[in-house]
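Structure record follows, encoded as structure tokens.
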Amino acid sequence: MEDKSERSRLAVPATEAARLLLGSVLTHDDGGEPVSVRVTEVEAYMGDVDPGSHAFRGRTARNNTMFGPAGHLYVYFTYGMHYCANVVCGEDGHATGLLLRAGEIVGGVETARERRNNPRTDLDLARGPARLAQALGINRDLDGADVFAAPLRLELPAEPVPADEVSSGPRVGVSGPGGTVEYPWRYWLTGEPTVSKYRPAQPKRRPAAGATAR
DNA sequence: GCTCAGATCATCT
DNA sequence: GATGATCTGAGCG
């Protein structure tokens, strides 16, 4: 019922939907112990105007989900070993989405620990997009899944978090022509210990201070 | 505490 | 054939 209005709340530009997602709780119930994550960090991808987006060059089989209606999950496999999860937002036909970068495990901690092979601290359970996906047990089968229907459940906060509790900055790991700092589309909850540490996107090799650029 | 290099495969040119 | 919205482990201070 509220399902429908919840979905429509996501049908706005990613830069706005980001504040809805921050503080929301995503649950994945695969039949075992459900695991819930409170989202603390997201990254906006604005489709065809965004050089860092998978959708920049147009619609393909892989990013097809992002072009669809809001409220679905776009899952992709990268670097040969990691899954990343996005929540599609914006209007149908606009390839905008929000990458779930980090979160705090608020339910099913033990299951999350097992999936992550028992990291040293719970803060590491979902710090980083691939870790978050792993902790939740997300895989490619969930690509295109509805976040408001089983086995997923997304609970948006009644009201967006106050603007003064949200920080924004350059995106991580995004390189490209012209840039990354021009698009400060990474959002996180100020002061959250689970937020991944800022790391500037480096081309490939660090420009050595000296001259011996090998 | 920090920095660096490697792993590994689906997708696109 | 090259690249990538990354993570992890090892090594060093």
Side-chain angles (χ1 to χ4, degrees), chain A residues 14-15 17-18 21-22 26 39-67 72-90 95-103 105 112-144 168-188 193-210 212-214:
Chain A
T15 45
L21 230 52
L22 288 174
L26 179 63
V39 179
T40 58
E41 183 184 5
V42 298
E43 208 164 275
Y45 285 88
M46 299 290 276
D48 51 353
V49 300
D50 180 359
S53 170
H54 284 168
F56 182 52
R57 303 195 205 189
R59 188 170 192 156
T60 67
R62 183 226 254 171
N63 62 33
N64 194 38
T65 302
M66 253 209 297
F67 283 82
H72 288 255
L73 209 60
Y74 167 47
V75 180
Y76 70 93
F77 190 60
T78 189
Y79 286 92
M81 55 187 92
H82 297 301
Y83 291 107
C84 294
N86 301 244
V87 173
V88 178
C89 60
T96 64
L98 288 162
L99 170 69
L100 304 179
R101 282 205 61 88
I105 305 290
R113 284 199 193 115
E114 283 178 24
R115 288 190 179 133
R116 296 270 306 108
N117 202 23
N118 301 305
R120 295 192 184 287
T121 76
D122 286 354
L123 290 184
D124 284 336
L125 284 175
R127 183 167 59 184
R131 292 168 172 181
L132 186 147
Q134 188 183 5
L136 271 180
I138 288 176
N139 54 54
R140 287 209 66 205
D141 291 343
L142 288 173
D143 183 32
S168 66
R171 290 182 297 185
V172 178
V174 177
S175 55
T180 75
V181 283
E182 302 171 25
Y183 304 96
W185 289 339
R186 188 165 72 101
Y187 301 88
W188 65 94
T194 52
V195 170
S196 48
K197 194 177 165 188
Y198 170 64
R199 243 171 78 196
Q202 300 289 0
K204 200 99 187 179
R205 208 175 264 289
R206 221 171 53 186
T212 332
R214 74 163 221 93

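The shown structure was predicted, so the numbers you read here are calculated from the model rather than taken from an experiment. Residue numbers begin at 1 in each chain, while the letters A, B, ... track the order of the sequences.
To the nearest 0.5 Å, atom CG of residue A/Leu142 and atom NE2 of residue A/His72 are 13.0 Å apart. Atom CG of A/Leu26 is separated from atom CG of A/Leu73 by 7.0 Å, given to the nearest 0.5 angstrom.
Proximity of A/His54 to the phosphate of C/dA5: a side-chain N or O atom is located under 4.0 Å from OP1 or OP2.
Put simply, the residue from A/Asn86, A/Asp143, A/Thr65 that forms a side chain to side chain contact (heavy atoms under 4.5 Å, CB included) with A/Tyr76 is A/Asn86. Of the candidates A/Ile138, A/Val75, A/Leu99, A/Leu99 is the only one forming a side chain to side chain contact (heavy atoms under 4.5 Å, CB included) with A/Cys84.
A straight line from CZ of A/Arg120 to P of B/dG1 spans 11 Å, rounded to a whole angstrom. A/Met81 has its CE atom 4 Å from the C1' atom of B/dA7, to the nearest Å. For the pair A/Leu99 CG and C/dG4 C1', the computed distance is 13 Å after rounding to whole Å. The interatomic distance linking A/Asn117 (CG) with C/dT8 (P) rounds to 10 Å, in whole Å. The CD1 atom of A/Ile138 sits 18 Å away from the P atom of C/dA5 (whole-angstrom rounding). The distance from atom CG of A/Asn118 to atom P of C/dC7 is 19 Å, rounded to the nearest whole Å. The interatomic distance linking A/Leu100 (CG) with C/dT6 (P) rounds to 13 Å, in whole Å. If you measure from atom CG of A/Asn86 to atom C1' of C/dG4, you get 14 Å, rounded to the nearest angstrom.
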DNA chain B in dot-bracket form (Watson-Crick or G-U pairs under 3.5 Å, [ ] crossing, | inter-strand) is |||||||.||||.

Please walk me through it: do A/Arg116 and A/Gln134 pass side chain to side chain donor-acceptor pair (under 3.5 Å)? CA-CA 7 Å; A/Arg116 296 270 306 108; A/Gln134 188 183 5; 3.3 Å; yes

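Using modelled atom types, no side-chain atom of A/Arg101 and backbone atom of A/Val195 make a donor-acceptor pair closer than 3.5 Å. The closest donor-acceptor contact from the side chain of A/Asp124 to the backbone of A/Asn118 lies at 3.5 Å or more, if one exists at all. In this structure, the side chain of A/Asn63 engages the main chain of A/Thr60 through a donor-acceptor pair within 3.5 Å.
The listed nucleotides are C/dA5, C/dT6, B/dC9; the one nearest the side chain of A/Phe77 is B/dC9.
When the shell of 6.0 Å around CZ of A/Arg59 is examined, it contains more than 12 heavy atoms from other residues, nucleotides or ligands.
Stacking here means ring centres nearer than 5.5 Å and ring planes tilted less than 30 degrees, and by that measure A/Tyr79 does not stack onto B/dA7.
Counting non-hydrogen atoms under 4.0 angstrom, A/Tyr83 reaches nothing in the nucleic acid.
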Check the interface with nucleotides 11-13 of chain B: list each N/O to N/O pair with the protein under 3.5 Å, or write none.
unit_1, atom_1, unit_2, atom_2, d
B/dT11, OP1, A/Arg140, NH1, 3.1
B/dT11, OP1, A/Arg140, NH2, 3.3
B/dC12, OP1, A/Thr60, OG1, 2.3
B/dT13, OP1, A/Arg57, NH1, 3.3

